[in-house]
Undergrad: 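Dropping the structure in here first, questions after.
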Amino acid sequence: MELDYQVQEETAKIFYGETLVSQLKPLAIDQPILFLTNQRYYDLFAEKINQLFANQASVDWYICANTQCNHLAELTNLLDFAKRYPENQPFLLIGFGNEGIMDLAGFFQKHTNLESKLWLIPVSIRSMGRALVPQRTILQLPNRVVLQTQNVPERIVYDQTISERQIEGKQIDFLVFVCCGIVCDHRFLQNLYKNYPSAHQLSSRPFAGMLEEMIYFYQVEAENLANYGKLFEQAFYLTENGHLLSASMKKFLGMLMQLIWNMEVLPFSFHLKNFFIWLARLGYPIDWLDQLSESEYLENVLFLAEKSKKILVLEKIGIIDGYRTPTEKELLKTMAVYQKIVHEIRGK
């Protein structure tokens, strides 16, 4: 299937509903191709993909680690690697991999002197979300943004069979849909609650039927979806022992914290405790880590808030009110509400 995608006056073609090989096979590509990918996807797909092209010598691969790869050191290495390409030779750059690959490919293609086109092949719902967002970031590890640009690819190719095979990643992918429901559509969030009531359904039911709605949500609210919970997420990177939380756990808790804070500054009807109970049933760890200081974390949120843009406030689930900066009083109340809900659920 094919969709036209437009965001910030830029357009892309999205192809989905078929396997990656079947989507690439009929294409007559008559220029050199450079794949940027993670080691995992090179091992799984490089041989099959190379066989699709008559002139395999024109297909090259730049391989990154399986972890976050949109950082300065990787960009420097990629720039050195790309020196082998003559400036007068157009080529096709294909980013094939995780979220970091989406950003690395997008940033490199936008700012290289080489003549090139950009395609993206996301391998999960998370990297699909990143592909749909125009913003491309390069980090100073672990998580400080040092370079940023805007770049929408010419084509996005999504093969759901790749992401559905990664069972361990489905729980993290599901948070993308939850965020879409919170920011964009209460009905969509309610359907998630009905269709995925337990961890068993979450691991066994495919996400393919929600892809088109997700694309629509990103077309309308790409920036708000990309940034929802990010202020609260970033504070974990500054907090002592924050490294004990995985990147996805930081993102998960950041989303929860922004939602609770929102309901403190602009109350609306929403069963927050039931929402927590549902997430716990799905297998998400809702408890605060004992090794993390609550006060230090909130100080870091406040520190970042004072030097960052205002963050999204919802009038109610799926309806945007505006933007504002959290205050110390609001943050203290947010943490108190969070702990109260968790303690009630745990029976403490």
Undergrad: With the side chain counted from C-beta on, respond yes when Leu114 and Leu93 share a heavy-atom pair under 4.5 Å apart, and no when they do not.
TA: no

Undergrad: Any ring pair (Phe, Tyr, Trp, His ring centres under 6.0 Å) pairs touching residues 33-55, not counting sequence neighbours?
TA: Phe35-Trp61, Tyr41-Phe96, Tyr42-Trp61, Phe45-Phe96

Undergrad: Applying the side-chain contact (heavy atoms from CB on, under 4.5 Å) criterion to Leu231, which one of Thr325, Asn300, Val301 satisfies it?
TA: Val301

Undergrad: Side chains of residues 64-72: which donor-acceptor partners sit under 3.5 Å, not counting sequence neighbours?
TA:
| residue | atom | partner | partner atom | Å |
| --- | --- | --- | --- | --- |
| Asn66 | OD1 | Gln39 | N | 3.3 |
| Asn66 | OD1 | Arg40 | N | 2.8 |
| Asn70 | ND2 | Asp103 | OD2 | 3.3 |
| Asn70 | ND2 | Thr137 | O | 3.1 |
| His71 | ND1 | Ala73 | N | 3.4 |
| His71 | ND1 | Glu74 | N | 3.3 |

Undergrad: What pairs with Glu223 under salt bridge (charged side-chain N to carboxylate O under 4.0 Å, His left out), at least two apart in sequence or on another chain?
TA: Lys309

Undergrad: Can you give each donor-acceptor pair under 3.5 Å made by side-chain atoms of residues 9-22, sequence neighbours left out, with the distance rounded to 0.1 Å?
TA:
| residue | atom | partner | partner atom | Å |
| --- | --- | --- | --- | --- |
| Lys13 | NZ | Glu2 | OE2 | 3.2 |
| Lys13 | NZ | Asp4 | OD1 | 2.6 |
| Tyr16 | OH | Glu212 | OE1 | 2.8 |
| Thr19 | OG1 | Ser22 | N | 3.3 |
| Thr19 | OG1 | Ser22 | OG | 3.0 |
| Ser22 | OG | Thr19 | N | 3.3 |
| Ser22 | OG | Thr19 | O | 2.9 |

Undergrad: To check you understand the geometry: which heavy-atom pair defines the closest contact between Asp185 and Arg187, and what is its length?
TA: OD1-N, 2.9 Å

Undergrad: Which residues satisfy the ring pair (Phe, Tyr, Trp, His ring centres under 6.0 Å) test with His111, sequence neighbours excluded?
TA: Phe107

Undergrad: Can you list every salt bridge (Lys or Arg N to Asp or Glu O under 4.0 Å) pair that touches residues 76-96, not counting sequence neighbours?
TA: Asp60-Arg84, Asp80-Lys83

Undergrad: A side-chain contact here means heavy atoms from C-beta on lying under 4.5 Å apart; do Asp173 and Met128 qualify?
TA: no

Undergrad: What pairs meet the salt bridge (Lys or Arg N to Asp or Glu O under 4.0 Å) rule with one or both residues in residues 237-266, with sequence neighbours excluded?
TA: Glu233-Lys251

Undergrad: Using the test ring pair (Phe, Tyr, Trp, His ring centres under 6.0 Å), find all partners of Phe91 that sit at least two apart in sequence or belong to another chain.
TA: Tyr85

Undergrad: Quick one: ring pair (Phe, Tyr, Trp, His ring centres under 6.0 Å) pairs with a partner in residues 132-172, sequence neighbours left out?
TA: none

Undergrad: Suppose the criterion is ring pair (Phe, Tyr, Trp, His ring centres under 6.0 Å): which pairs have a residue in residues 211-231, not counting sequence neighbours?
TA: Phe188-Phe217

Undergrad: Quick one: does any side-chain atom of Gln201 pair with a main-chain N or O of Asn195 as donor and acceptor, under 3.5 Å?
TA: no

Undergrad: Restricting to non-hydrogen atoms, name the atom on Leu120 and the atom on Pro153 that form the minimum distance, rounded to 0.1 Å.
TA: CD1-CG, 3.7 Å

Undergrad: Which residues satisfy the ring pair (Phe, Tyr, Trp, His ring centres under 6.0 Å) test with Tyr193, sequence neighbours excluded?
TA: Trp278

Undergrad: With a cut-off of 3.5 Å and sequence neighbours excluded, list every side-chain donor-acceptor pair involving residues 254-262.
TA:
| residue | atom | partner | partner atom | Å |
| --- | --- | --- | --- | --- |
| Gln258 | OE1 | Gly229 | N | 2.7 |
| Gln258 | NE2 | Leu312 | O | 3.1 |
| Trp261 | NE1 | Glu330 | OE1 | 3.0 |
| Asn262 | OD1 | Leu314 | N | 2.6 |
| Asn262 | ND2 | Leu314 | O | 3.1 |

Undergrad: For Gln219 versus Gln6, what's the shortest heavy-atom pair and its separation?
TA: OE1-N, 2.7 Å

Undergrad: Measure the acute angle between the ring planes of Trp288 and Phe236, then classify it against the limits of 30° and 60° as parallel, tilted or perpendicular.
TA: tilted

